[in-house]
**Q** 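My questions will all concern the structure given below.
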Amino acid sequence: MKYKRVFLIVTDSLGCGFLPDSSKYDDFGSNTFMHIWDAKPDMKIPNLLRLGIQNVIFNTNNECISAYGKCAELSIGKDTLTGHYEMMGIKTEKPFLTFTDTGFPKDLIEEIEFQTGYKVIGNIAASGTEIIKYLGEEHMKTKSLIVYTSSDSVLQIACHEEIFGLQELYNVCETVREICLKPKWKVARIIARPFIGTNKNDFVRTSNRHDYALTPPKKTTLDYLKENNINVIGLGKISDIYTGCGITESIKTISNDDGMDKLLNIIGTNFNEGLYFINLVDFDSLYGHRRDTLGYAKAIEDFDIKLSPVLEQLKDDDLLIITADHGNDPTWKGTDHTREYVPLIVYNKHLKSINLGIRETFADIGQTIAENFNVQKQDIGTSFLKDLK
């Protein structure tokens, strides 16, 4: 073992340039980080600059304090599940079902209504914040389920947290997850989207979102770590993404800042060995999908501030990896993810500045972690552990 503790931060959707096959996804020209930087060239990110993010974005080789590069995606798709799966060794060959253009089929809606006992309203592709404005008051009167989707393979259900009940929403989503295991309706995730408020002018979603994902089709690197009695602590929606597989402890978060605070707390505690895996979802859900470029820039600046104490408190045998799971260019058309490379920033107090180049797959990250902890490797990916000097 080279590093006792590995801290893997996924800056959800912070891509760094369109992939060669991006035209197939109508994403040719997208670049999440660069276009945000273009919109706010005075963005204050001193820690990310020290870590070499400018080398990743602009393909320069300036001296920095990290190993750096970027990863391509082998899998078909550009969503959360495929990105995280690949990171830990699973290549998705067939895209998950989407119902963006048509909404969900009539027979699925009837099955949901029959098995849950609630009427369904909505059933369109929509912004989550907008659809509760349009249908939230009707839902409060009737307790009908607000069902909607997006360009991703998701079925989302919005209900009022206080009037409908949070646990009841979770129960409904569990039922719908079972229904949507049938091949013809097999979406990647069912997402509970609770909200509060009294009318359309003050409805707001709460932090009690819960994702009900498909179980990974095979073992991931997380499973191999757990089987070898190595801690795998998932923070944010990590446990939801992998349906708990390979996770030894799950910690919920309410925001990017809260996640980084909990990361810092772990660094300073007696978590002695293993992987600490965090997803910072606000970049994607609050700014990328909503096409809020300046809000996204501010979130990056806030993340940079939170990095200061993290970098200071990391131990000599700790390794920090910063990456993403896909792009979501806030300057791009529509509200969908974008097919992009993701950044690769690798830091240890004693590492030399080195260009890790363009990696062929996100799985290089998982393979590096597997090699570090001496557990079984996956079929895809190449470790860069030997390059960390």
Side-chain angles (χ1 to χ4, degrees), residues 2-3 5-20 30-38 41 43-74 83 86-87 260 263 275-280 283 297 299-301 303-308 310-312 314 316-327 329 340-369 371-372 381-389:
K2 191 169 184 177
Y3 303 101
R5 307 190 301 180
V6 177
F7 298 92
L8 174 56
I9 300 176
V10 177
T11 53
D12 198 312
S13 84
L14 192 51
C16 59
F18 61 91
L19 283 165
S30 61
N31 192 322
T32 300
F33 209 127
M34 181 181 287
H35 289 159
I36 294 169
W37 205 329
D38 288 343
M43 192 162 47
K44 296 177 175 61
I45 50 172
N47 289 304
L48 286 169
L49 290 173
R50 289 171 60 218
L51 289 166
I53 193 64
Q54 71 278 18
N55 293 334
V56 177
I57 305 305
F58 300 109
N59 297 317
T60 54
N61 283 297
N62 297 326
E63 191 72 17
C64 62
I65 62 171
S66 79
Y68 59 89
K70 53 188 176 184
C71 301
E73 184 166 14
L74 283 179
E86 183 170 321
M87 209 176 295
M260 290 299 289
L263 170 71
L275 173 64
Y276 191 84
F277 193 177
I278 175 174
N279 176 287
L280 302 177
F283 294 119
I300 296 171
E301 290 181 322
F303 171 63
D304 192 275
I305 291 170
K306 291 290 186 179
L307 271 177
S308 285
V310 168
L311 295 174
E312 290 171 5
L314 287 170
D316 288 349
D317 54 1
D318 287 342
L319 189 70
L320 172 68
I321 303 174
I322 301 173
T323 189
D325 52 345
H326 50 72
D329 188 337
E340 298 185 47
Y341 291 102
V342 298
L344 178 62
I345 298 289
V346 186
Y347 172 77
N348 168 271
K349 288 186 175 182
H350 305 291
L351 273 187
K352 294 179 181 178
S353 174
I354 181 173
N355 187 347
L356 294 171
I358 298 177
R359 317 298 300 190
E360 292 184 356
T361 168
F362 297 1
D364 287 8
I365 295 171
Q367 292 287 56
T368 301
I369 293 168
E371 183 179 1
N372 181 71
T382 302
S383 170
F384 49 79
L385 189 68
K386 68 180 184 306
D387 298 317
L388 303 181
K389 301 174 182 177

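FYI, the numbering just counts along the sequence from 1.
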**Q** State which residue, out of Asn372, Leu388, Ile369, fulfils the side chain to side chain contact (heavy atoms under 4.5 Å, CB included) condition with Leu319.
**A** Leu388
**Q** Could you tell me whether a side-chain N or O of Lys389 sits under 3.5 Å from a main-chain N or O of Leu351, the two making a donor and an acceptor?
**A** no
**Q** To the nearest 0.5 angstrom, please state how far the CD1 atom of Ile45 sits from the CD atom of Gln54.
**A** 8.0 Å
**Q** Measuring from Asn348:CG to Asp316:CG, what's the distance to the nearest 0.5 Å?
**A** 7.5 Å
**Q** Out of curiosity, Leu311 CG to Lys306 NZ, how far, rounded to the nearest 0.5 Å?
**A** 13.5 Å
**Q** What distance separates Glu371 CD from Lys2 NZ, expressed to the nearest 0.5 Å?
**A** 9.0 Å
**Q** Among Trp37, Phe33, Tyr68, which residue meets the ring pair (Phe, Tyr, Trp, His ring centres under 6.0 Å) test with Phe58?
**A** Trp37
**Q** Rounded to the nearest 0.5 Å, what separation is found between the CG atom of Leu320 and the CG atom of Leu263?
**A** 7.5 Å
**Q** Is a side-chain donor or acceptor of Gln367 paired with a backbone partner of Thr382 at a separation under 3.5 angstrom?
**A** no
**Q** Run His326 and Val342 through side chain to side chain contact (heavy atoms under 4.5 Å, CB included) and show every step you take.
**A** CA-CA 6 Å; His326 50 72; Val342 298; 5.6 Å; no
**Q** Do the side chain of Thr32 and the main chain of Asp329 share a donor and acceptor less than 3.5 angstrom apart?
**A** yes
**Q** Between Ser66 (side chain only) and Leu51 (backbone N and O only), is there a donor and an acceptor less than 3.5 Å apart?
**A** yes
**Q** Working note: Phe7 + Leu275, criterion side chain to side chain contact (heavy atoms under 4.5 Å, CB included); need CA distance, chi angles, decisive distance, verdict.
**A** CA-CA 6 Å; Phe7 298 92; Leu275 173 64; over 6 Å; no
**Q** In Å and rounded to the nearest 0.5 Å, what is the CG to CZ distance from Leu14 to Phe283?
**A** 6.0 Å
**Q** Taking the side chain as every heavy atom from C-beta outward, state whether Phe18 and Asn31 have any atom pair closer than 4.5 Å.
**A** no
**Q** Would a distance-only check, ignoring hydrogens and angles, find a side-chain to backbone donor-acceptor pair under 3.5 Å from Asp317 to Tyr3?
**A** no
**Q** Considering non-hydrogen atoms only, spot the tightest contact between Leu49 and Ile53 and give its length.
**A** N-CG2, 4.0 Å
**Q** For atom NZ of Lys352, decide whether the heavy atoms of other residues, nucleotides or ligands shown that lie under 6.0 angstrom number more than 12.
**A** no
**Q** What's the verdict on side chain to side chain contact (heavy atoms under 4.5 Å, CB included) for Met43 and Glu301, showing C-alpha distance, side-chain angles and the deciding distance?
**A** CA-CA 7 Å; Met43 192 162 47; Glu301 290 181 322; 3.5 Å; yes
**Q** Given the rule in the side chain to side chain contact (heavy atoms under 4.5 Å, CB included) test, do Tyr276 and Leu8 qualify, once you have shown the distances and angles that lead to the verdict?
**A** CA-CA 6 Å; Tyr276 191 84; Leu8 174 56; over 6 Å; no
**Q** Side-chain contact, heavy-atom cut-off 4.5 Å: Ile322 with Leu307?
**A** yes
**Q** Find out whether Val56 and Ile345 are in side-chain contact, i.e. whether some heavy atom of one side chain is under 4.5 Å from a heavy atom of the other.
**A** yes
**Q** Under 4.5 Å between any side-chain heavy atoms of Ile9 and Phe303, yes or no?
**A** yes
**Q** Can you name the nearest heavy-atom pair linking Asp38 to Pro41, along with the distance?
**A** O-CD, 3.5 Å
**Q** With heavy-atom distances below 4.5 Å as the criterion, would you say the side chains of Val346 and Thr368 are in contact?
**A** no
**Q** Is a side-chain N or O of Thr323 found less than 3.5 angstrom from the main chain of Pro343, in a donor-acceptor match?
**A** yes
**Q** May I ask you to test the Met87-Val10 pair for a side-chain heavy-atom distance under 4.5 Å?
**A** yes
**Q** Keeping Asp12 on the side-chain end and Leu280 on the backbone end, is there a donor-acceptor pair under 3.5 Å?
**A** no
**Q** If every non-hydrogen atom of Asp364 is compared with every non-hydrogen atom of Gly381, which pair is closest and at what distance?
**A** OD1-CA, 3.2 Å
**Q** State, to 0.1 Å, how close Cys64 and Ser353 come at their nearest heavy-atom pair, and which atoms those are.
**A** O-CB, 3.1 Å
**Q** Quick one: closest heavy-atom pair of Glu73 and Asp325, and the distance?
**A** OE1-O, 4.4 Å
**Q** Please confirm whether the backbone N or O of Phe362 pairs with a side-chain atom of Glu86, one donor and one acceptor, at under 3.5 Å?
**A** yes
